[in-house]
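Take a look at the structure below.
In what follows, chains are A, B, ... by sequence order, proteins preceding strands, each numbered from 1.
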Amino acid sequence: MAKKGKTAIEPTRDEDYPEWYQQVVKASDMAEKSPVRGCMVIKPWGYALWENIRHNLDDMFKSTGVKNAYFPIFIPLAFFEKEAEHVEGFAKECAVVTHHRLEQSPEGGLVPAGKLTEPLIIRPTSETIIGDSFSKWVSSYRDLPILINQWANIVRWEMRTRIFLRTSEFLWQEGHTAHADKEEAVRRTRMMLNIYARFAEDYLAIPVMKGEKTFSERFPGAVNTYCIEAMMQDRKALQAGTSHFLGQNFSRASDIRFQSADETEEFAWTTSWGVSTRLIGGLIMCHGDDDGIILPPKIASSQIVLMPIVRKQSQRQEVMEYTENLAKALKEKRYGGRRLSVEIDDREIGGARGWEWIKKGIPLRVEIGPRDIAQNSVFVARRDQTPKEKTSIGRERFIIQIDHILDEIQHNMFNKALAFRKKNTVSINHREEFYQFFTPKDQKKPEIHGGFAMSHWCGEEACETRIKDDLKVTIRCIPFDNEREDGECICCGRPSRERVVFAKAY
RNA sequence: CGGGACGUGGCUCAGUCUGGUAGAGCACAGCGUUCGGGACGCUGGGGUCGCAAGUUCAAAUCUUGCCGUCCCGACCA
């Protein structure tokens, strides 16, 4: 008999959203905390997801002419110091290597011995070290553009960490490009943001808003920062990807100069853009329910688990053969640009086995027992439906329709997330209403509240700061698809010509 | 770095106030009965009680110091 409540995850999202998140991560078997402060161990089920994200994005990048390369994890301090705003933005988060050797200390134990003449920082991002290479690679406009991406780990020594969302070390991709022409660099910045948006929506099934950051939220050293922002189920915003137009700031700092067609010497225009393992956190918070994570079929670690039902040993061989045959047939099929990944779980039958896969978020669970084999059918449960809803489908029909079923799940997930965002995005014109919107009723144990507020902003940083201090609400972005509209700043009442997205953020 | 709390089998925790030589639930292993919605019974393995010093006949328990973790704040691509 079941002894737990109705949900596989406790507490539920409504009861305690942050704790729900931690429990979902644990139950999904994707990652766990490591003994190292703020770092995580990504387990196979989580890493497979990252691999799929990586493969798909990598293809998209390459289709635009980007090539992969790799640069060192260590950055000489002197490089890092070159761009003033960049230093200011990242200095506090840098891990620094000052020694290079260990020795036995007289008191026992190992101590660092050889002190480095110049400290090395562990990359928090690679603009400066890649810029140094670019400066050597470029001498003529004919050398441009350079379109480089690297898949790497980076370290940012954050005060408070949360698995997948903000860890001291994380995996990401960072693209770096250099152009002879300003407009071309801006186009590239936009192009990459569009790729992120398409990937988020088509693969992760996460609807995103594209827009530009305000000055205060801009990447340190950038001229413009574009971003995609997604709404999580606690109605907070998650920055899911960013693309920066760096102007000539970093090319001046790294001395990326070239001779133009009309024989003048000029600085290159550079861009950088990245997404990280944070996307996995976004996936969990966007799609998860009170039974655990729900993986979108296109990037799921696996799409299908087959669970043989063996009640008597005498049936075992027949059931296993049928199951393995089905697995083989399914693996022939392609979905989302790659072969279907199919798991067979032949552990003892019982509810626990099924629930484990629910918590891992696999899109389809298929039970195969003697009854099904007798009618040449399979018993299918979809993760986007309640655990009870299982349907018997003829084996051949199931195989033929598998991509339609998975597509349907993929679309359902996106539409559900989009409906949620729409429901919790409101236009607010009055200051009082704005403050009310972002203030929980129960201050001691805040309930899920707020959302995206589309409101007017005069463009002054003072107003931004004021709202941040009062409510912890920030401008997530100035949407690209904004319509011009006259209004009054939600904070000071001065005239404004467009609305921006206000929200609490991760 | 300020405020608070906590370190006891793999996990969650009880035991600490009132010192007497370590427990529960879950997980794990074996056997049996079960089994198409989270099974049950019996048996078993596993802990220098964060570290160090002190008090004591005796310390998980009292004292001091250290280390670490979590929460709130500050900070934050």
Euclidean distance, atom [atom1] of residue [X] to atom [atom2] of [N] [Å, nearest integer]:
X: A:Lys312; N: B:C35; atom1: NZ; atom2: C1'; value: 12 Å
X: A:Arg347; N: B:A39; atom1: CZ; atom2: C1'; value: 15 Å
X: A:Trp355; N: B:A39; atom1: CH2; atom2: C1'; value: 16 Å
X: A:Tyr506; N: B:C76; atom1: OH; atom2: P; value: 19 Å
X: A:Gln315; N: B:G36; atom1: CD; atom2: C1'; value: 11 Å
X: A:Gln22; N: B:U12; atom1: CD; atom2: C1'; value: 15 Å
X: A:Asp345; N: B:G38; atom1: CG; atom2: C1'; value: 14 Å

Which residue lies toward the 5' end of RNA chain B, A:Pro370 or A:Glu158, if each is placed at its nearest nucleotide?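 Nearer the 5' end of the strand: A:Pro370.
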Tell me which of A:Lys33 and A:Gly369 sits closer to the 5' end of RNA chain B, going by the nucleotide each one is nearest to.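 Mapping each residue to its closest nucleotide by heavy atoms, the 5'-most match is A:Gly369.
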Around atom CD of A:Gln317, are there more than 12 heavy atoms from other residues, nucleotides or ligands closer than 6.0 Å?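 No, the 6.0 Å shell around CD holds no more than 12 heavy atoms from other groups.
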If you draw a 6.0 Å radius around CD in A:Glu318, do more than 12 non-hydrogen atoms from other residues or ligands fall strictly inside?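 Not buried by this count: 12 neighbours or fewer within 6.0 Å.
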Separation between the [atom1] atoms of [N] and [M], rounded to whole Å:
N: B:A22; M: B:G38; atom1: C1'; value: 32 Å
N: B:C70; M: B:A27; atom1: P; value: 27 Å
N: B:C17; M: B:U61; atom1: C1'; value: 10 Å
N: B:U63; M: B:A39; atom1: P; value: 46 Å
N: B:G65; M: B:C57; atom1: P; value: 24 Å

Taking the six-membered ring for Trp, are [X] and [Y] closer than 6.0 Å centroid to centroid?
X: A:Phe245; Y: A:Trp273; result: no
X: A:Phe250; Y: A:Phe134; result: no
X: A:His86; Y: A:Phe80; result: yes

Of the listed nucleotides ([options]), which one gets closest to any side-chain atom of [X]?
X: A:Pro387; options: B:G37, B:A74, B:G36; result: B:G37
X: A:Ile309; options: B:C70, B:U34, B:G36; result: B:G36
X: A:Lys472; options: B:A39, B:A74, B:G37; result: B:A74
X: A:Glu348; options: B:U34, B:C76, B:C70; result: B:U34
X: A:Ile349; options: B:G37, B:G36, B:C35; result: B:C35
X: A:Lys92; options: B:G36, B:G38, B:C75; result: B:C75
X: A:Asp372; options: B:G73, B:G36, B:C76; result: B:G36

Under 4.0 Å, counting only non-hydrogen atoms across every strand here, what does [X] touch: a base, just sugar-phosphate, or nothing?
X: A:Phe90; answer: nothing
X: A:Glu217; answer: nothing
X: A:Arg278; answer: nothing
X: A:His244; answer: base

Both distances under 3.5 Å, Watson-Crick or G-U wobble: report the partner of [N], or none.
N: B:C31; answer: B:G41
N: B:C66; answer: B:G50
N: B:G36; answer: none
N: B:A74; answer: none
N: B:C26; answer: B:G10

Evaluate side-chain contact (heavy atoms from CB on, under 4.5 Å) for A:Val66 paired with A:Ile148, printing each intermediate quantity in order. CA-CA 6 Å; A:Val66 172; A:Ile148 291 293; 5.9 Å; no
Could you tell me whether A:Arg347 and A:Glu356 make a salt bridge, using a distance below 4.0 angstrom between a side-chain N and a carboxylate O?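 Answer for the salt bridge query: yes.
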Any N/O donor-acceptor pair, A:Arg166 side-chain to B:C76 base, under 3.5 Å: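 Such a pair is found, so the answer is yes.
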